[in-house]
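This report refers to the structure that appears directly beneath it.
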Protein chains: 2
Amino acid sequence: MPGAGTGYPDRVKPSGRPTIKDVAKAAGVSPTTVSHALNGKGVVRRETVQNIERIAAEIGYRPSAIARGLQNSRLGLLALVIRPFHSLDTFLPEGVDYFLRIAGSASLTAMEHGYSMMLVDDPTRPGVPLSALAADAYIVTEPFEDDPVLTMLTEQRIPFVTVGADPARRGEFLEIDEGAEQQASLMISHLAEVGARRIALVTGTDRNDWNLGSIRTLEAWAAERGQEPLVFAMPEAEGEHAGETIVSHFLDGDPGNRPDAIFCLTGRHAAGVTAAAIRRGIRVPEDLLVAGGSGAMQNRTSSPTVTTLDLHPEETARRAVEIAVRLAEGRDLELPLTVPSATLDIRESTTRS
Amino acid sequence: MPGAGTGYPDRVKPSGRPTIKDVAKAAGVSPTTVSHALNGKGVVRRETVQNIERIAAEIGYRPSAIARGLQNSRLGLLALVIRPFHSLDTFLPEGVDYFLRIAGSASLTAMEHGYSMMLVDDPTRPGVPLSALAADAYIVTEPFEDDPVLTMLTEQRIPFVTVGADPARRGEFLEIDEGAEQQASLMISHLAEVGARRIALVTGTDRNDWNLGSIRTLEAWAAERGQEPLVFAMPEAEGEHAGETIVSHFLDGDPGNRPDAIFCLTGRHAAGVTAAAIRRGIRVPEDLLVAGGSGAMQNRTSSPTVTTLDLHPEETARRAVEIAVRLAEGRDLELPLTVPSATLDIRESTTRS
DNA sequence: CTGAAAGCGCTTACAG
DNA sequence: CTGAAAGCGCTTACAG
């Protein structure tokens with residue numbers, strides 16, 4: 001019998017959370033029975049279950065995810081590795097909305113499946129916390145060429161799925177990837193349809209499939225027309241500031257190599273190009289077509305608004321999480337993986353009346 | 001001796017990761033010694049340490065964060081609870097860049113301190129994964145009035161710090177908070193300085209301190225001048241689309257109650273208001289001053305650009321993490337907490353030449 | 001229907 | 001300098 005006048009709450013250890021033992025003691029049963037009762041396993045009498053549930057609630061018992069995770073080495077934790085995450089000191093990577101949409105959707109989808117989502121930028125850096133490697137499965141967005149993160153996860157036998165392929169190892173891993181070529185083609189075809197004859201491509205500088213695959217596509221398109229491909233790489237981090245440099249690069253050079261359309265993979269580059277062109281008195285879309293790859297928010301509000309691709313990051317993240325959950329649980333995957341297709345958001349910058 | 005021709009790797013369990021036992025067996029020592037050697041605890045002969053380290057590397061041994069966490073019930077995991085996270089189905093909450101900057105900075109700062117960062121939207125929802133409650137400490141951004149998340153964390157004795165106060169319980173918890181009043185005053189003073197006589201405030205609809213405190217500030221300002229306060233609430237989620245409604249609300253009504261400045265706490269509302277005003281032939285800033293609270297990206301690129309506050313989310317997140325880490329480790333805090341002050345980004349929408 | 005025992009993978013006094 | 005034992009908080013056969 002507890003101390004005079006004290007109820008159950010007083011019986012819990014003064015420091016720290018109550019454990020299954022505290023519940024057992026308070027209910028006058030064994031920890032095994034508490035476990036059975038609370039998890040609906042085994043066979044426990046109705047009243048016993050109800051009594052245990054009541055007492056557990058009273059003393060605020062909550063099972064430890066850590067102790068439970070120790071049984072099957074699974075924590076119910078997924079990790080999202082956003083590769084270009086801190087390429088900027090201000091955490092506004094190119095496609096800020098793209099990544100937040102990925103992270104938000106991934107985190108919510110994970111919850112729906114009973115998992116939490118951890119945000120990691122680079123688990124291969126020396127000194128990463130042990131917990132960064134404790135996830136049950138990983139999602140790696142936009143891996144780099146021969147990405148060491150993928151190599152490490154493979155070596156450690158930690159399951160993962162990538163969003164976008166490792167350009168040097170396509171097909172070696174589980175990937176959710178429509179293919180940058182497909183996506184770039186969509187925009188290039190659109191530009192050609194509305195009259196572009198000479199399309200310039202502006203990429204970022206990360207060596208990921210989005211940049212490298214798009215270059216291949218533009219090169220093929222140019223080759224078909226017997227043109228020299230017009231390709232220019234700018235750091236994603238430059239954002240709108242890159243506009244002046246890009247416009248100057250393409251329009252101040254050899255007039256024979258002047259594009260009539262500029263396709264910037266980075267939405268903010270496209271915003272910058274549009275603004276820079278207009279400052280020079282070049283009309284968009286009349287004199288110059290401009291389009292963005294991964295759409296940035298300002299492309300919807302600038303004047304003129306800028307045509308972009310919608311890569312459907314929420315849906316992509318959702319599928320990535322569903323795969324990661326299956327991997328974590330060692331369940332079967334129905335291959336091949338279906339992926340959402342990019343769509344065009346056609347706006348003023350490519351609409352000639 | 002291992003099977004003929006086989007090296008250490010074959011000795012690890014066929015399924016699953018190698019454990020400390022595998023290393024011990026391979027090195028011919030006890031698990032205790034492996035633990036000591038790998039963690040630099042106790043006293044172990046140099047050669048033994050080196051041998052163990054070599055073997056551990058060979059068989060790809062990595063200690064389990066879960067097992068280690070069981071000792072002190074700490075995982076090295078922090079949780080970031082972004083309260084307004086999925087108020088939008090597309091995961092673009094108001095201040096998309098604000099929250100990504102918070103999340104990015106928090107996640108990197110956590111890593112620097114040896115912690116990982118988990119993204120959680122609402123740990124009080126029924127059926128949340130156990131892991132969502134397994135963090136060593138929580139950071140809750142922009143709590144609501146009487147926020148149940150704070151109540152739950154308190155009940156469960158899980159340490160946390162808030163970014164922005166719970167408006168109904170200011171001072172009850174650890175908070176990083178300059179105070180919405182301070183921040184709103186900064187902008188209102190600026191507007192008054194550049195000529196505003198009648199300032200309208202547009203808030204969001206979440207019952208957090210940012211909205212509620214700003215209203216108090218505007219009401220006080222109006223009262224000092226013997227004016228009726230002009231306040232209007234619009235869901236954050238409406239984004240730029242809210243512009244038309246807001247402009248119509250303030251400018252189509254009683255001419256005696258017409259503002260000469262509109263201060264939208266939500267940057268995207270400010271963007272919408274600017275665009276809507278211009279569509280009506282109202283010049284910004286000549287006829288109407290417009291300003292935003294939490295700056296959105298398009299405020300920097302729209303025409304005219306829009307004056308906003310910079311709440312310095314990276315620095316705020318950094319401090320929140322540092323506090324969370326101290327809480328997680330049960331270390332002392334040097335109170336009072338210093339917080340970064342909001343600053344003004346003055347742009348065209350409030351610059352009259 | 002209930003519980004004692006073993007075990008998940010580590011760490012940490014403690015004994016040798 | 002090294003290791004056997006106990007323990008972190010659970011779950012899971014298994015025995016009663």
Side-chain angles (χ1 to χ4, degrees), chain A residues 12-13 15-53 55-56 59-76 129-131 133-134 136 156-158, chain B residues 12-13 15-53 55-56 59-76 129-131 133-134 136 156-158:
Chain A
V12 307
K13 277 184 309 196
S15 71
R17 288 165 29 187
T19 72
I20 198 169
K21 279 188 195 164
D22 297 314
V23 181
K25 222 169 282 172
V29 297
S30 74
T32 304
T33 303
V34 175
S35 175
H36 282 157
L38 259 27
N39 297 307
K41 301 264 174 86
V43 200
V44 187
R45 220 190 329 155
R46 279 186 72 91
E47 303 124 57
T48 314
V49 172
Q50 291 174 347
N51 189 37
I52 288 173
E53 281 173 346
I55 289 175
I59 70 180
Y61 170 71
R62 185 167 44 80
S64 152
I66 304 179
R68 190 174 279 177
L70 196 53
Q71 318 294 325
N72 44 13
S73 14
R74 291 205 282 106
L75 264 183
L130 226 45
S131 51
L133 296 168
D136 306 339
Q156 301 275 351
R157 302 188 204 155
I158 303 176
Chain B
V12 308
K13 277 185 310 195
S15 71
R17 287 166 28 187
T19 75
I20 199 171
K21 278 188 197 166
D22 296 314
V23 180
K25 222 169 283 174
V29 298
S30 76
T32 304
T33 303
V34 174
S35 175
H36 282 159
L38 260 26
N39 296 310
K41 302 266 176 83
V43 199
V44 187
R45 219 188 331 153
R46 280 185 73 90
E47 302 127 57
T48 314
V49 171
Q50 292 175 346
N51 189 38
I52 288 173
E53 280 173 347
I55 289 175
I59 71 180
Y61 170 70
R62 186 166 43 81
S64 151
I66 304 178
R68 191 174 279 176
L70 196 53
Q71 317 295 326
N72 42 12
S73 20
R74 293 204 282 104
L75 263 185
L130 226 43
S131 50
L133 297 168
D136 306 338
Q156 300 276 351
R157 301 187 205 156
I158 302 176

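Chain letters run A, B, ... following the sequence lines, proteins first and then strands; every chain starts at 1.
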In whole angstrom, what separates Arg46(A)'s CZ from dT2(C)'s C1'? 18 Å
Would you find a donor on one side and an acceptor on the other, under 3.5 Å apart, between the side chain of Asn51(B) and the backbone of Glu47(B)? no
Candidate nucleotides dG3(D), dG9(D), dG9(C), ranked by approach to the side chain of Ala67(B) - the nearest: dG9(C)
Strand DNA chain C as a dot-bracket string - pairs counted if Watson-Crick or G-U with both distances under 3.5 Å, | where the partner lies in another strand: |||.||||||||.|||
Is there a side-chain polar atom (N or O) of Arg45(A) under 4.0 Å from OP1 or OP2 of dT2(C)? yes
Ignoring hydrogens, what is the shortest heavy-atom contact between Ala134(B) and Ala65(A)? Give both atom names and the distance. CB-CB, 3.7 Å
Gln156(A) and Leu133(A), any side-chain heavy atoms less than 4.5 Å apart: no
To the nearest Å, how far apart are Ile20(B) CD1 and dG7(C) P? 18 Å
Tell me whether the OP1 or OP2 atom of dC1(C) has a side-chain N or O from Thr48(A) closer than 4.0 Å. no
Nearest whole Å is fine: how far is dA6(D) P from Lys21(A) NZ? 14 Å
Provide the full list of salt bridge (charged side-chain N to carboxylate O under 4.0 Å, His left out) pairs with a residue in residues 33-42 of chain A, sequence neighbours left out, each pair given once. none
Could you go through nucleotides 12-16 of chain D and list every protein N or O atom that sits under 3.5 Å from one of its N or O atoms, giving the distance for each pair?
{"residue": "dT12(D)", "atom": "OP2", "partner": "Lys41(A)", "partner atom": "NZ", "Å": "3.1"}
{"residue": "dT12(D)", "atom": "O4", "partner": "Thr32(A)", "partner atom": "OG1", "Å": "3.4"}

Atom CZ of Arg17(B) and atom P of dG9(C) are separated, to the nearest Å, by 9 Å
Can you see whether Ser30(B) engages Thr33(B) through a side-chain donor-acceptor pair at a distance of less than 3.5 angstrom? yes
Side-chain N,O (Ser30(B)) to OP1/OP2 (dG3(D)) below 4.0 Å: yes
For a quick test of reading the model, state the closest non-hydrogen atom pair linking Arg74(B) to Asp136(B) and the distance between them. CA-OD1, 3.5 Å
Which of these passes side chain to side chain contact (heavy atoms under 4.5 Å, CB included) with Val34(A): Val49(A), Ile20(A), Asp22(A)? Ile20(A)
Whole angstroms only, please: what is the CG-C1' distance between Asp22(B) and dC8(C)? 13 Å
Interatomic distance where CZ belongs to Arg62(B) and C1' belongs to dC10(C) [whole Å]: 14 Å
Looking only at non-hydrogen atoms, find the nearest pair between Arg17(B) and Ser64(B) and report the distance. NH2-CA, 3.6 Å
For Leu75(A) and dC10(D), give me the distance from atom CG to atom C1', rounded to whole Å. 13 Å
Could you tell me whether the side chain of Arg62(B) reaches within less than 4.5 Å of the side chain of Ile158(A), counting heavy atoms only? yes
Value in whole Å for how far the P atom of dC8(C) lies from CZ of Arg68(B): 19 Å
